[in-house]
Structures are given as structure tokens and as C-alpha cells.
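Accompanying notes for the structure given below.
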Amino acid sequence: MTTLASGTTASSSGQNGLARDALTVLQPGFTGTTAPDWLLRRLGEGLAAVGLFGRNIASPEQLAALTAQLRAERDDVLVAIDEEGGDVTRLEVRAGSSYPGNHALGAVDDVELTREVASALGHRLAACGVNLNWAPSADVNSNPDNPVIGVRSFGADTDLVARHTAAYVTGLQSAGVAACTKHFPGHGDTAVDSHHALPRIDADLSVIEARELAPFRAAIAAGTRAVMSAHILVPALDPDRPATLSRRILTGLLREELGYDGLIVTDGMEMQAIAGTYGIERGSVLAIAAGADAICVGGGLADDETVRRLRDALVTAVRTGELPEERLADAAERVRALARWTAAASAAPPAVEREPADVGLVAARRALTVTRAPSYEPVGAAPFVAAFTPVANIAVGDETPWGVAAELARLLPGTETGSFAGEGAATAALAAAGSRRVVAVVRDEHRHPWMAAALDTLLRERPDTVVVEMGIPQAPPRGGLHIATHGAARVCGRAAAEVIAGE
């Protein structure tokens, strides 16, 4: 018998129990800043988790009221969020994050600082009623052209990524928020964004074991409560199915070889790597059968119809014998076990230690790499900020502001800015700047030929231009002053602006 939040009980077998277990393993999203009626009804029927995105968050106060609304319906509900800090933020989606992301923390390479940042972020989430964070990214960014990981990774060095992943897990969970280490078995060596298609990693098994798996071993040793699977094909591990749908990878490797016993969550099932190949219903059945315990869906498909379709697909799969009932029941129990852990963690007395109030800004300042040309003259008057803007990847989104203009305007009143892209970017930026000093802001210059060409033109005409690289600093430093921030969080922009303004 399984005790439900409402105080009633239901057998884990039979039609009611089967439908309840099928709902329990779903982590759906919704639209709006208050919970819709259909979501509250599903919580009463057995839904045990909800995923939040930037569209659901207007302020800390509103978020706290929303999570309280969910808990009034089911007091042990898992409230999950994709809050990595840095470029991928949901708490501060419209302002930019108060915490630098993984790549900045890896650049500093102080594991205690990483733990402090993760703890501070965890306390902020917990104060708003969020108890499961789909973070950190444990991917080793071994391919600098990776279009979806990049600054979300601690770096390209396996040992560095492993030790910072462990520190992040420890810090986040010290605040009572479950970490969900991602994207297993490792998304760093990909050249395709799994939001759009199915990426493939053709590395040898020995490379996968030594490089990709090491950070996940560290996370497991640190006690990560959840692991998120990747929608990637790794032929050395399974030549036929992507990791999310692979029993060899989720059960054989993660459970049996690595000894992991926590919750396995899928990445978003509406991502094209799954939705465009298997479909979300078939994909969800295969994922649970392979060893996943929770189905993440709701970044794009965020309605009651999606929940109903996935519930019915799982129930039908059990009835037809495609999905063992015991496997679904085991998955649902792992969800409930994590809910029990979060409930106990939230009930525990707060830790005595106090995290530095400005730990995010401290970290962002320490992460800067500053290169000055011998002829560099400090910026004395309000400059013109030319942002050379690439298309944002879906994980980051295009809602979150980035750059240095807002912070520079605060320090040097009168600063103006413009956004430029494509073949004529430099010419347009020079025309807009006029006689003012130019600050050129780029993101992954090495990945965008038009961006590199724009800098070539700009620096030929105005060699005193300040260049701020807010992505992976793969291209050589150039300009009168070159600042690599290792990420585009708001605090990274502020730290760079302080250097430009001479503070």
C-alpha cells in the first residue's frame, strides 16, 4: 500500500494504482504564474512533480506563492527548475543571474568557491519553495564548437570538471535542494544541439570511460540525488538507442557499473532528438523501460493533454506487456523516495554557516582574464557598446539580457549601445559609435566567422577598441583591452564593466 499526500491509500497494483504510478513518474510544465486547475487536479490524482521555467516566474514572492499553491494540493510535491546560474537562469530570466555559471567557476578553480556559490543558489531556491534543481552540468566541454554546452560546462579538463561537479552537488544539497547532475553519459563532445536533432559521440569506449564518466562518478560519490540522461547516441555504449532510451546505459552502466541508486530523470522529451525520432509517447515508454524513473516534459509541451497522453501511453504499455509493471512501480517509488528526502531536508534546522552575501559577484570578478595592450589607454568618457549577438541556444533562451552596456551605463552615464549581427555588423557598429570609444562584446567569437570578421574590421579602424568575450575564450585575445568573462551572467557583465571603467 502506498500512502498518498491526501491521506488516502491505493494499491500499487490495479487500474487506480497503475494510473497513479504513471502520473507519479511525470515532471510536466505549465504556462502562467499560478497553477492551472488541471495541474492541481492531476496532483490530487497522483502527479508528484512539476517543472518550472522562466515563463512561470515573475518575482521571488510570486514564486513562493506558486509553490505554496502546489503544496496546498500535495505537500510532498517535487518542484523542479532548470537553474544553472550563469547563462541558464530561470529565477532571474529577465534580469540575468546573480551567480556566474560553471565555466567561470572552473576558470577560478577554487572548489570551495564553487561550493559556496551552489549553496547560496540552493538557499535562494529553497526560500522560494523549489526542492529539485536540474543542475549541475557535468559535461566535459572537450569540443569547443559545442553549440549547446559551452560555458555551461566547468571546462575541458576532466579532473577539473569532476572536482567542481562534486563541490556543486555538495553545496546545492547542503541547502536542502536535490541536485540533478546532467547530461549522462556526457554531452560535451557533441557538434549538434539535441534540442534540434540527435547528436552522436563516436569516441572509443576507453575515452568515454576516462573522460565523460569521471564527473558522474564524482557526483555519485558526492551523493547526487538525481541524474539526468542525455538524448545522445554513443555507439561505444549502445549503437542502437540514445542514452535516454538505452537499458545498456541507464541500467547496465549507470545503475550496475557505477552503482548509482538515486533518481534518473530524462532530459526534455519534446526535444527533437526524441520527439522527432521516436515521439514523446513511445520515447517515454522506452525511457522508463530502460531504467529512467522520471519523464521531464513541459519546456515546450505544457498542457494537460500532454500529461494525459503520456500517462495513457505508460498504462497501455504495462497492459500490453511492453513495460513491466514492476519497473513502473520501481520508478514511481524512486520519485517518492526523493520527495521524502526533500521533505526531511526542508524540515531540518538551517545550517549555522552564512554564505557571503555577494559570493556571486566575488566569483565573477575572480573569473575574469584581462589582457591589456602596451598602448592601452583607459576609457575615460561614456563609450559606445557594440554587442555582436549570435542566436541564443534554446537552453539559454533569448529572454535573458547579457552584455556590459547596462552596468557600464551605471558606472559611465551616457553610455549607449546597439546590437549587430551578420556581414555588415562592423560597418553598422562604427557608424553608430561615431567618435566614441568602442566596447565590442562577443560571445564565442571562434564559433561565428561573421563575428571574427566584424572584430577584424573594427580593430583595423579603431585599434583602441575594448573587446569583451562572454563565451568560451577560444580565440586569441585582441584589442586595446581584452576581457574574458567565461560566461554572460549579469554579474559577469558587472565585473567586466568595473574593469573597463577603472574601478
Next item on the list: Name all residues meeting the salt bridge (charged side-chain N to carboxylate O under 4.0 Å, His left out) criterion together with Glu407; count only those two or more places apart in sequence or in a different chain, and write none if there are none.
Entry: Arg410
Check: Do side-chain atoms of Asp304 reach the backbone of Asp37 as a donor and acceptor pair under 3.5 angstrom?
Finding: no
Item checked: Minimum heavy-atom distance His231-Ala273, with the two atoms named -> CB-CB, 3.6 Å
Next item on the list: Verify salt bridge (Lys or Arg N to Asp or Glu O under 4.0 Å) between Arg211 and Asp204, making sure each step is shown before the conclusion.
Entry: CA-CA 11 Å; Arg211 185 181 65 190; Asp204 292 340; over 6 Å; no
Check: With side chains defined as the heavy atoms from C-beta onward, is the minimum distance between His448 and Phe388 less than 4.5 Å?
Finding: no
Next item on the list: Could you tell me whether the side chain of Asp464 and the main chain of Gly480 form a donor-acceptor pair under 3.5 Å?
Entry: no
Item checked: Note, Ile57 side chain near Ile81 side chain (heavy atom, < 4.5 Å) -> yes
Notebook entry, point to check: Is the number of heavy atoms from other residues, nucleotides or ligands under 6.0 Å of Glu377 CD greater than 12?
Noted result: no
Notebook entry, point to check: Would you say the side-chain atoms of Asp157 pair up with the backbone N or O of Leu160, donor to acceptor, closer than 3.5 Å?
Noted result: yes
Check: Is there side-chain contact between Leu254 and Ile220, with heavy atoms separated by less than 4.5 Å?
Finding: yes
Item checked: Non-hydrogen side-chain atoms of Pro242 and Leu198 separated by less than 4.5 Å -> yes
Next item on the list: State whether the side chain of Asp358 and the backbone N or O of Leu361 hold a donor-acceptor pair below 3.5 Å, judged by distance alone.
Entry: no
Next item on the list: Using the side chain to side chain contact (heavy atoms under 4.5 Å, CB included) rule, take Leu63 and Val130 through it: C-alpha gap first, then chi angles, then the decisive distance, then the call.
Entry: CA-CA 9 Å; Leu63 178 55; Val130 176; 4.2 Å; yes
Checklist line | Pair Thr165-Phe154, side chain to side chain contact (heavy atoms under 4.5 Å, CB included): steps then yes or no | finding: CA-CA 8 Å; Thr165 297; Phe154 288 110; 3.7 Å; yes
Checklist line | Audit row: Val79, Leu66, side chain to side chain contact (heavy atoms under 4.5 Å, CB included) steps and yes/no | finding: CA-CA 10 Å; Val79 181; Leu66 170 58; over 6 Å; no
Notebook entry, point to check: In terms of ring plane angle, is the pair Phe216 and Phe184 parallel, tilted or perpendicular, where the classes change at 30° and 60°?
Noted result: perpendicular
Checklist line | Any side-chain heavy-atom pair of Glu445 and Gln474 under 4.5 Å | finding: no
Notebook entry, point to check: So, the side chain of Thr114 versus the backbone of Tyr168: is there a donor-acceptor pair under 3.5 Å, distance only?
Noted result: no
Notebook entry, point to check: Leu481 versus Val370: any side-chain heavy-atom pair under 4.5 Å?
Noted result: yes
Next item on the list: Determine, stepwise, if the pair Leu52 / Arg90 fulfils side chain to side chain contact (heavy atoms under 4.5 Å, CB included).
Entry: CA-CA 8 Å; Leu52 301 182; Arg90 310 305 177 212; over 6 Å; no
Checklist line | Side chains of Thr89 and Glu83, donor plus acceptor under 3.5 Å | finding: yes
Checklist line | Spacing of CD1 belonging to Ile264 relative to OG belonging to Ser229, to within rounding of 0.5 Å | finding: 8.0 Å
Notebook entry, point to check: Any sub-3.5 Å donor-acceptor pair from Glu84's side-chain atoms to Arg152's backbone N or O?
Noted result: no
Item checked: Main-chain N/O of Ala433 paired to Arg436 side chain as donor or acceptor, under 3.5 Å -> yes
Notebook entry, point to check: Quick one: do the Arg490 and Ser98 side chains pair a donor with an acceptor below 3.5 Å?
Noted result: yes
Notebook entry, point to check: Do Glu212 and Ser142 have side-chain heavy atoms sitting under 4.5 Å apart?
Noted result: yes
Note to self: Nearest 0.5 Å, please: how far is CZ in Arg366 from CG in Leu113?
What the structure shows: 5.0 Å
Check: Of Val468, Ile500, Val441, which is the lone residue that meets side chain to side chain contact (heavy atoms under 4.5 Å, CB included) with Val385?
Finding: Val441
Notebook entry, point to check: With side chains defined as the heavy atoms from C-beta onward, is the minimum distance between Trp38 and Val307 less than 4.5 Å?
Noted result: yes
Note to self: Within this structure, what is the OG1-CZ distance for the pair Thr465 and Arg460, rounded to the nearest 0.5 Å?
What the structure shows: 12.0 Å
Item checked: Value rounded to 0.5 Å, distance of CG in Leu233 from CZ in Arg200 -> 5.5 Å
Notebook entry, point to check: Counting heavy atoms not belonging to Gln69, are there more than 12 under 6.0 Å from its CD?
Noted result: yes
